[in-house]
Amino acid sequence: METKKLPETGEGISEAARILAEGGIVAIPTETVYGLAASAYDTAAIERVFSAKGRPQDNPLIVHISDMEMLREVAAKIPKEAEQLAERFWPGPLTMVLPRGEKIPASVSAGLSTVAVRMPSHPVAHNIIKESGLPLAAPSANVSGSPSPTKAAHVLEDLGGKIDGVVMAGDCAVGVESTVITLCVKPPRLLRPGGVTLDELRLVLPDIEVDPAVLSEPEAGKPVSSPGMKYKHYSPRCNVIMVCAESGFADFVNNESDCGAICFRAEVADIKCPHIVYGDEENPKTLAEGLFSALREADNLGAETVYAHAPKAEGVGLAVYNRLIRAAGFRVINL
Ligand code: AMP
Ligand code: MG
């Protein structure tokens with residue numbers, strides 16, 4: 001099939017909204033990563049999203065809304081913490097897991113009684129939801145397992161010919177997927193770190209807990225709170241190994257034979273093997289922005305093994321660390 005390249009203008013937005021209302025699937029830009037959108041009410045379109053991505057059926061989707069009225073349509077119950085979080089962080093990169101409303105088909109949530117909801121701040125995403133009048137279920141617009149798309153070109157690389165359209169906008173500002181928390185357990189729990197940090201969440205949820213799967217490998221066979229956390233993710237074809245080191249990263253890769261590196265900007269002068277810079281160590285927001293592009297480019301380094309220098313697991317760095325450790329299949333070297 002032909003994948004239409006739609007402009008990010010009013011016309012492109014109207015066409016995307018029309019295709020979605022007719023049951024099509026369209027990749028749209030958001031401030032986190034590009035999402036592959038479908039009407040959250042259309043079970044056939046949802047089925048197409050899972051199959052285009054090759055996404056495991058037990059990994060639920062996030063529903064994207066444009067206003068609080070839509071929240072009342074998709075969630076069965078809205079606790080007062082959700083109102084407070086919405087007030088502070090929406091529109092923006094925060095997803096809340098709430099009791100699932102009757103109108104949302106079970107397949108959106110992979111059969112769970114909950115639903116994950118987010119109000120994106122990207123104006124194109126906002127206007128497409130608003131014009132279609134539909135909550136949009138939208139996972140990241142990549143083939144399952146590969147790095148999430150932060151550019152329209154990444155979407156075409158993975159899903160060209162498999163989806164009805166892509167809205168061709170610029171690079172995503174945040175660069176990693178949304179922060180996911182659940183309000184369906186007490187105390188509330190961080191399931192996936194993202195652009196909204198733990199310290200920011202604590203201002204509204206002082207007792208929030210961090211799910212163990214955020215920083216380490218879930219135990220085989222044990223149930224996980226967020227099904228997406230059990231999968232290997234974000235991986236290029238080469239072997240990625242995450243390296244935690246206060247100093248000495250350049251010396252380490254220089255002593256390894258036939259490898260590549262994903263590193264911080266300040267290290268470039270010292271690194272002798274093929275490498276990609278993904279941002280500045282002191283500014284983890286830049287690392288989040290550059291991580292997925294760097295992982296996609298890693299295969300062009302021509303090395304079988306690529307060592308990636310991990311940021312400190314704090315602030316936005318926690319989200320980068322969480323994605324990198326999954327890209328590495330939990331292979332970590334501590335220097
Ligand atoms: P993605 O669509 O790639 O951004 O991934 C969505 C993430 O949200 C996955 O890690 C899912 O496991 C998580 N998620 C979505 N819905 C729920 C839910 N109802 N309960 C817990 N986690 C969820
Ligand atoms: Mg994804």
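Atoms considered below: every heavy atom in the structure, side chains included; atoms not considered: hydrogens, waters and symmetry mates. Counting begins at 1 with the first residue of the sequence. Each ligand, and each atom within it, is numbered from 1 in the order the structure gives.
At the top of the distance list for atom 7 (C) of ligand 1, counting protein heavy atoms only, stands R192 NH1, 3.6 Å. Scanning all protein heavy atoms for the shortest distance to atom 21 (C) of ligand 1 gives S225 O, 3.5 Å. Atom 13 (C) of ligand 1 has S226 OG, 3.4 Å as its closest protein atom, hydrogens excluded (heavy atom only). Distance from atom 9 (C) of ligand 1 to its nearest protein heavy atom, with residue and atom name: N59 OD1, 3.6 Å. Among all protein heavy atoms, the one lying closest to atom 14 (N) of ligand 1 is P60 CG, 3.7 Å. The single protein non-hydrogen atom nearest to atom 2 (O) of ligand 1 is P139 CA, 3.0 Å, given as residue, atom name and distance. Counting protein heavy atoms only, atom 19 (N) of ligand 1 is closest to T114 OG1, 2.9 Å.
When only interatomic distances are considered, the shortest N/O to N/O separation between S140 and ligand 1 falls below 3.5 Å. At under 3.5 Å, not a single nitrogen or oxygen of E177, backbone or side chain, sits near a nitrogen or oxygen of ligand 1.
The option from D58, T95, V97 that lies nearest to atom 20 (N) of ligand 1, judged by heavy atoms, is V97.
Of the heavy atoms in R55, only side-chain atoms (C-beta onward) come closer than 4.0 Å to ligand 1.
Contact record, A16 with I128: CB-CD1, 3.9 Å, taken as the closest heavy-atom pair.
Linking Ile, Leu, Val, Met, Phe, Trp and Tyr residues whenever their side-chain heavy atoms come within less than 4.5 Å places L183 and L198 in a single cluster. Hydrophobic clustering (ILVMFWY, side-chain heavy atoms < 4.5 Å, transitive): Y234 and V316 are in distinct clusters. Tracing side-chain contacts under 4.5 Å through hydrophobic residues (I, L, V, M, F, W, Y), one never reaches V214 starting from I62; they form parts of separate clusters. Put simply, L36 and M168 are part of the same group of oily side chains (I, L, V, M, F, W, Y) that touch within less than 4.5 Å, one to the next.
A distance of 13.0 Å separates OH in Y34 from CG in L159, rounded to the nearest 0.5 Å. Taken from CG in D58 to OG in S109, the straight-line distance is 12.5 Å, to the nearest 0.5 Å. Residue E267 holds its CD atom at 10.5 Å from CG of D251, rounded to the nearest 0.5 Å.
Taking every non-hydrogen atom of A116 and a distance limit under 4.0 Å, the qualifying atoms of ligand 1 come out as 15 (C), 16 (N), 17 (C). Within ligand 1, the atoms closer than 4.0 Å to a non-hydrogen atom of L112 are 18 (C), 19 (N), 20 (N), numbered from 1 in the order shown.
Distances shorter than 4.0 angstrom do not occur between any heavy atom of T182 and any atom of ligand 1. Ligand 1 is never approached by G35 to a heavy-atom distance shorter than 4.0 Å.
Within the coordination shell of the Mg ion (ligand 2), defined by N, O or S atoms under 2.8 Å, S148 is absent.
Comment: R18 does not engage E131 in a salt bridge, judged by the lack of any side-chain N to carboxylate O separation of less than 4.0 angstrom.
Aromatic ring pairs are classed by plane angle as parallel below 30°, tilted from 30° to 60° and perpendicular above 60°; the pair H309 and F249 is parallel.
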